[in-house]
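Working notes for the structure below.
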Amino acid sequence: MKVTVIGAGIWGCWTAYLLQKAGVEVTLVDMWGPGNARAGSGGASRIIRLVYGADQVYVDMTQTSYDLWEELEQSVYENLYQETGVLWMFADEDTSYLEASRSRIAQFGHRIHNLSHQEATQRYPQISFEGISRIFLEKKAGLLFANLCCKVLTREFQQLGGKFVWGEAHWNRARRWVEVSGDTLEADRYVFACGPWNQKLFPEVFQGISDTSRHEVYYLAVPNDQVSPYAYPAMPCWFEYNRNSPMFYGKPFHLGKGFKIAYDERSTPFDPDTSHRSTTPELLERSLKYVAKRFPGLAGRPLIEQRVCQYENSLDGHFIMAPHPDYGELVLLGGSSGHGFKVGPAVGKMTREYLLEGKGFPELFGLGRFGSAVERTSQFLQVGAGQDGGD
């Protein structure tokens, strides 16, 4: 079998790597290279965690991914993951998003620890828990080094005999093959894992069921004499679960980049090709105001780095993993919705099993669900009620 994979983000990289490892002849294609700055898999790091509301499939995919990430680390002798834990801070009394995952997480041998306000304050004096009703610590969680993971996977894929091609790919509907910068790539099967570019390549499928939103990420300078309280192990990754969007989340000082803060909301449309990637004063001011409230020791600290990234969202926040309705040889992977990086290994494994073993994708990720899909305002919250999703 010959397979062409379009998109060297984390989903495409893991798919290409696992297929090549299984003996398939694979060509991996990307416009700007693995983990580039425009890609949804670009940037320094992503959070990996098991808490996932009532959607057990994501808990299972994350555990599978932990196993595959660790296997990859051991085989390449590189550090791709740092376990920091995740601190969950709930501004609301409703903690069902976390509780719904607890029993399944326990089946994998991991625990969610309840912390009282007193315990949390003693353990994390650098955090103000004002306005927080419930606090939990998920120990089996941490950081994946995002663009490094993509580059390592592409390198390993090539060492296995895989071919990497730079260029812009298009699906030739008449010939039923892929064209890259004027050249033809014929294969038995094709996998498109192109993030927001899926919407441009296949509007007949993605129009109305996916969109792309704009998000800003900031890194703040940590006081020179107080780095340790804001770095691991004194500081974990963290989420503040709040039904009043945005939900803020962040990461401790890492990779020399400062203390990271970001938010989760889908309100601003974004075009990955034409939109400017400069941050806005209003959103920065909003985020700095939040930092001053939740992390008083960082109030007034200078901004040292900022970037704009995109979420490629499905309507309901769940992944899209399905064959094209008109071209059975073509597999579409999309709708990562801001929470897909961590489960890249599981997505690659599922795609390999679909292509080589005929094992179907989960119905939750199929195209037929969108007649009754419920929209989400963030990866955690549906419009009007409920919660689910990713980071």
Side-chain angles (χ1 to χ4, degrees), residues 1-42 146-206 210 212 271-273 310 312 319-324 326-336 340-341 344-345 347-352 354-356:
M1 179 182 285
K2 293 176 64 175
V3 176
T4 296
V5 178
I6 312 301
I10 202 62
W11 286 13
C13 284
W14 267 106
T15 297
Y17 171 72
L18 291 177
L19 285 170
Q20 188 70 36
K21 196 174 181 181
V24 177
E25 183 182 340
V26 183
T27 300
L28 177 62
V29 182
D30 197 274
M31 289 186 286
W32 299 294
N36 66 80
R38 289 191 179 188
S41 296
N147 50 13
L148 175 62
C149 291
C150 294
K151 289 177 170 60
V152 166
L153 279 164
T154 303
R155 182 194 70 202
E156 296 301 303
F157 159 75
Q158 291 175 294
Q159 289 181 357
L160 290 170
K163 181 181 179 182
F164 182 82
V165 175
W166 295 77
E168 185 173 354
H170 297 279
W171 176 245
N172 186 316
R173 286 165 168 75
R175 298 286 189 174
R176 298 175 79 117
W177 63 40
V178 166
E179 295 176 350
V180 180
S181 303
D183 295 328
T184 298
L185 293 180
E186 292 189 69
D188 301 299
R189 307 298 291 272
Y190 302 89
V191 178
F192 278 80
C194 299
W197 289 275
N198 279 337
Q199 300 161 24
K200 299 188 175 191
L201 290 165
F202 303 103
E204 73 278 9
V205 175
F206 287 94
S210 69
T212 304
D271 187 301
D273 291 317
Q310 71 261 345
E312 175 237 354
F319 302 155
I320 297 170
M321 301 173 65
H324 191 289
D326 299 322
Y327 306 100
E329 69 271 40
L330 195 159
V331 176
L332 302 175
L333 302 179
S336 60
F341 190 96
V347 170
K349 182 174 183 286
M350 286 178 169
T351 307
R352 182 196 66 191
Y354 174 83
L355 292 175
L356 301 188

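Starting from 1, each residue takes its place in the sequence as its number. Everything numeric here is computed off the predicted structure, so don't read it as measured data.
Using a 4.5 Å heavy-atom cutoff, the side chains of Lys21 and Glu156 are not in contact. Contact check for Tyr17 versus Leu28: no side-chain heavy atoms found under the 4.5 Å cut-off. Contact check for Trp197 versus Arg38: side-chain heavy atoms found under the 4.5 Å cut-off. Taking the side chain as every heavy atom from C-beta outward, Trp171 and Glu179 never approach each other to under 4.5 Å. Contact check for Cys194 versus Leu201: side-chain heavy atoms found under the 4.5 Å cut-off. Val165 places none of its side-chain heavy atoms less than 4.5 Å from the side chain of Thr4. Taking the side chain as every heavy atom from C-beta outward, Cys149 and Ile10 approach each other to under 4.5 Å. Between Asp30 and Thr154, every side-chain heavy-atom pair lies at or beyond the 4.5 Å cut-off.
The shortest non-hydrogen separation linking Asn198 to Gly334 is ND2-CA, 3.8 Å. The two residues Gln310 and Pro272 come nearest to each other via the heavy atoms OE1-CB, 4.3 Å. Heavy atoms only, all atoms of each residue included: Pro323 and Gly328 are closest at CB-O, 4.4 Å. Minimum interatomic distance between Cys150 and Gly35 (heavy atoms only, all atoms of both residues): CB-N, 3.6 Å. Between Gly335 and Glu312, the closest heavy-atom pair is N-OE2, 2.6 Å.
Residues satisfying the side chain to side chain contact (heavy atoms under 4.5 Å, CB included) test with Ala193, not counting sequence neighbours, are Trp11, Leu333. With sequence neighbours excluded, the residues that form a side chain to side chain contact (heavy atoms under 4.5 Å, CB included) with Ala169 are Ile6, Val29, Val178, Val180. Phe192 pairs by the ring pair (Phe, Tyr, Trp, His ring centres under 6.0 Å) definition with Phe202, not counting sequence neighbours. Qualifying ring pair (Phe, Tyr, Trp, His ring centres under 6.0 Å) partners for Trp166, counting only residues two or more places apart in sequence or in other chains: Phe164. For Glu25, the side chain to side chain contact (heavy atoms under 4.5 Å, CB included) partners at least two apart in sequence or on another chain are Lys2. Applying the side chain to side chain contact (heavy atoms under 4.5 Å, CB included) rule to Leu356 yields the partners Met1, Leu19, Ala22, Val24, Arg352; only residues at least two apart in sequence or on another chain are considered.
Counting only distance, with no hydrogens or angles, the side chain of Glu329 and the backbone of Ala187 share no donor-acceptor pair below 3.5 Å. Of the possible polar contacts, one joining the Gln20 side chain to the Val26 backbone as a donor-acceptor pair under 3.5 Å is found.
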**Item:** Worked check of side chain to side chain contact (heavy atoms under 4.5 Å, CB included) between Arg155 and Lys151
**Value:** CA-CA 6 Å; Arg155 182 194 70 202; Lys151 289 177 170 60; over 6 Å; no
**Prompt:** Checking side chain to side chain contact (heavy atoms under 4.5 Å, CB included) for the pair Met350/Phe319: CA distance, chi angles, key distance, verdict?
**Reply:** CA-CA 12 Å; Met350 286 178 169; Phe319 302 155; over 6 Å; no
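The pair Arg173-Asp326 does not count as a salt bridge, with every side-chain nitrogen at least 4.0 angstrom from each carboxylate oxygen. Salt bridge status for Lys200 with Asp271: present, with a side-chain N to carboxylate O gap under 4.0 Å.
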